[in-house]
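Quick notes on the structure that follows.
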Amino acid sequence: MKIVTCVAPVNIAVIKYWGKRDENLILPINDSISASLSTDIMCAKTTIMASPLLKENKFWLNGREQTFDSPRFSNCIKAIRARCDETLPQFNWKISICSENNFPTAAGLASSAAGYACLVHALAQLYEIKGEISDIARQGSGSACRSIYGGWVQWHKGDLPTGADSIATQIAPADHWPEMRIIVLVVNDCRKKYSSTSGMKTTTETSTLVKFRAESVVNQRAKAMKKAIEDKDYESFAEITMKDSNQMHAICLDTFPPCVYMNDTSHAIVNLVHSYNEYKKGQKVAYTFDAGPNACIYLLQSEVEQFISVVNHVFPKPADIDAVEYYRGLTLPNKQLDKKIVDDLNLTPHDTGVLKYIIYTKVGGGPQVLGDPSEHLLQDNGLPK
Ligand code: DP6
């Protein structure tokens with residue numbers, strides 16, 4: 001019997017992936033760049049057991065049994081097994097997989113990226129595979145290839161039709177820019193959304209702007225972003241991050257029918273950030289939005305106290321929600337209102353409950369193996385604990 005448990009990070013892109021040139025292999029039309037977030041705060045966790053005693057392959061995700069046949073899932077398993085030494089005993093054993101996210105999927109936060117990175121990393125441990133695996137994680141969900149590494153990561157679009165060169169590499173490790181923090185403003189939203197997969201498919205079929213982006217914008221932007229990260233040049237980093245998020249959502253509107261992911265609260269957050277930056281006479285805070293209304297704010301630790309004070313003023317916490325429920329993750333500095341900046345900015349507060357909760361986190365490492373057997377999500381018989 002062989003059992004392995006891993007955790008893998010969520011990643012948030014600052015240069016966005018939006019559009020594929022191959023739907024099956026999941027090959028993108030442009031490079032993208034992200035940071036992997038601390039697994040102490042948000043992560044996917046996966047246990048895989050291989051045993052001669054197991055009668056069939058089984059898979060549970062967030063407490064629910066799944067089939068083994070979904071194309072993306074089975075592509076990952078096939079691709080990993082193709083790299084395994086077939087003389088290893090576990091190659092011929094059935095497997096049990098149990099996977100969960102430690103953050104609510106309702107938050108709409110890149111759960112498939114962390115999940116597939118975790119699955120592929122755990123499978124690679126199980127089948128003792130050394131070497132590149134980000135191209136395999138990519139076949140689960142494009143953005144998952146970036147969660148195979150910690151710190152700052154670039155996904156190279158690649159040129160080969162096989163996808164062998166469409167891999168992720170690390171630009172800089174997690175401790176390269178230790179002051180960087182991320183605040184996720186989870187927006188209350190009950191609207192049913194279209195997935196990134198279907199949204200970006202319609203985009204590549206119908207948008208003319210997306211061609212301009214892939215051909216004439218992203219290459220230069222990715223270079224400038226890489227340099228901003230390497231030089232820890234926050235102002236350039238912030239400007240490119242916001243512009244690239246805005247361009248992705250402009251392209252979503254250029255899609256026919258349009259994909260609308262940001263809502264009124266998202267736009268109010270954009271306004272708040274620009275007012276804040278104008279007041280500070282520089283880019284001190286940066287927003288970015290994925291395929292949903294939640295805002296991810298990248299900012300330096302020195303800015304957190306004042307920024308959160310403004311957020312609390314504009315989006316008041318409902319009195320009936322406990323602070324421990326509302327403020328998640330790392331401990332936020334003094335949450336009292338900074339009266340001066342709030343008065344100077346003169347922003348009108350929204351009703352309470354517009355934000356569901358706030359997650360405070362930082363850049364973190366890549367997937368990890370958890371050695372302690374108490375961490376396993378499976379019992380010795382291969383069923384979930
Ligand atoms: C908006 O990786 O979820 O988060 O490859 O179809 O699974 P598929 O899409 P997915 O797309 C993520 C898009 C994004 C931007 C990004 O993370 O770069």
Side-chain angles (χ1 to χ4, degrees), residues 8-37 42 44 61 70-76 79 101 105 107-120 134-149 152-158 163 166-168 171 182 184 193-205 207 210 213-214 217-218 221-222 225 240-253 255 259-262 266 287-296 298:
V10 165
N11 73 75
I12 301 292
V14 291
I15 298 288
K16 300 295 188 190
Y17 149 52
W18 196 257
K20 297 182 183 67
R21 61 177 207 278
D22 185 313
E23 287 282 333
N24 184 40
L25 287 170
I26 313 195
L27 301 177
I29 55 173
N30 58 257
D31 283 25
S32 52
I33 296 179
S34 59
S36 291
L37 307 187
M42 285 190 269
L61 175 62
S70 90
R72 288 172 166 211
F73 181 81
S74 63
N75 283 351
C76 287
N101 299 320
T105 32
L109 291 164
S111 53
S112 64
Y116 273 109
C118 203
L119 172 78
V120 169
S134 70
D135 58 325
I136 300 181
R138 189 202 73 228
Q139 295 176 52
S141 184
S143 55
C145 72
R146 298 187 310 240
S147 281
I148 288 290
Y149 297 99
W152 300 91
V153 182
Q154 181 160 8
W155 173 12
H156 307 269
K157 76 172 185 65
S166 189
I167 55 166
I171 295 174
I182 296 92
V184 187
K193 293 174 225 36
Y194 7 81
S195 67
S196 358
T197 306
S198 69
M200 71 173 86
K201 182 164 186 286
T202 318
T203 296
T204 26
E205 286 162 2
S207 166
V210 81
R213 167 173 170 76
V217 180
V218 180
R221 224 174 236 181
M225 176 56 85
I240 305 169
T241 297
M242 292 187 278
K243 284 182 172 171
D244 205 65
S245 172
N246 292 342
Q247 185 170 77
M248 182 195 117
H249 291 276
I251 282 166
C252 287
L253 290 185
T255 298
C259 327
V260 182
Y261 292 114
M262 293 168 67
S266 317
Y287 54 77
T288 184
F289 295 83
D290 284 336
N294 302 325
C296 290
Y298 275 93

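Every number for a ligand or one of its atoms is a count from 1 in the order of the listing.
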- Can you find an N or O of Lys16 that's nearer than 3.5 Å to an N or O of ligand 1? no
- Query: To which protein heavy atom is atom 4 (O) of ligand 1 closest, and what is the distance rounded to 0.1 Å?
  - Reply: Asp290 CG, 3.4 Å
- Query: What residue and heavy atom of the protein are closest to atom 3 (O) of ligand 1, and at what distance?
  - Reply: Ser196 OG, 3.3 Å
- Given Met248, Met200, His249, which has its nearest heavy atom closest to atom 9 (O) of ligand 1? Met200
- Do the side-chain N and O atoms of Ser34 and Lys16 include a donor-acceptor pair separated by under 3.5 angstrom? no
- So which heavy atom in the protein is nearest atom 17 (O) of ligand 1, and how far is it from that ligand atom? Arg146 NH2, 2.7 Å
- Query: How far apart are the C-alpha atoms of Arg138 and Leu27, what are their side-chain angles, what is the distance that settles it, and do they pass the side chain to side chain contact (heavy atoms under 4.5 Å, CB included) test?
  - Reply: CA-CA 8 Å; Arg138 189 202 73 228; Leu27 301 177; 3.5 Å; yes
- Which ligand 1 atoms does Ile26 reach within 4.0 Å, using its non-hydrogen atoms? 5 (O)
- Message: Please classify the Ser141 to ligand 1 contact at 4.0 Å (heavy-atom distances, strictly less than): side chain, backbone, both or neither.
- Response: both
- Message: I'd like to know if the side chain of Ser74 and the backbone of Ser70 have a donor-acceptor N/O pair within less than 3.5 Å.
- Response: yes
- Apply the test side chain to side chain contact (heavy atoms under 4.5 Å, CB included) to residues Tyr149 and Ser36: give CA-CA distance (whole Å), side-chain angles for both, the deciding distance (0.1 Å), then the verdict. CA-CA 7 Å; Tyr149 297 99; Ser36 291; 5.7 Å; no
- May I ask you to check whether Gln247 and Arg213 show a side-chain donor-acceptor distance below 3.5 Å? yes
- Task: Decide whether an N or O pair under 3.5 Å exists between Trp18 and ligand 1.
- Result: no
- Message: Pairing donors with acceptors under 3.5 angstrom, does anything connect the side chains of Ser147 and Asn11?
- Response: yes
- Looking only at heavy atoms, is any part of Ser143 under 4.0 Å from ligand 1, and if so is it the side chain, the backbone, or both, or is it neither? both
- So, Ser32 and Arg146: side-chain donor and acceptor under 3.5 Å apart, yes or no? yes
- Checking heavy atoms under 4.0 Å, the part of Thr197 that sits near ligand 1 is both
- Could you walk me through whether Thr288 and Ile12 pass side chain to side chain contact (heavy atoms under 4.5 Å, CB included), step by step? CA-CA 8 Å; Thr288 184; Ile12 301 292; 3.7 Å; yes
- Message: Ring centres under 6.0 Å, that's the criterion: do Tyr298 and Tyr287 meet it?
- Response: no
- Query: At a 4.0 Å threshold, what atoms of ligand 1 neighbour a non-hydrogen atom of Arg72?
  - Reply: 6 (O), 7 (O), 8 (P)
- Task: Give the residue and atom name of whichever protein heavy atom lies nearest to atom 13 (C) of ligand 1, and the separation in Å to one decimal.
- Result: Tyr17 O, 3.5 Å
- Query: Taking only heavy atoms of Ala13, which atoms of ligand 1 are found under 4.0 Å from at least one of them?
  - Reply: 16 (C), 17 (O), 18 (O)
- With only distance considered, is Gly142 within less than 3.5 Å of ligand 1 through an N or O on each side? yes
- Query: Would you say Lys20 has more than 12 foreign heavy atoms packed within less than 6.0 Å of its NZ?
  - Reply: yes
- Of all the atoms in ligand 1, which lie at a distance below 4.0 Å from a heavy atom belonging to Lys20? 5 (O), 6 (O), 8 (P)
- Sub-4.0 Å heavy-atom approach of Lys201 to ligand 1: no
- Message: Against ligand 1, does Arg138 come closer than 4.0 Å with any heavy atom?
- Response: no
- Phe289-Trp18 aromatic ring centre distance below 6.0 Å: no
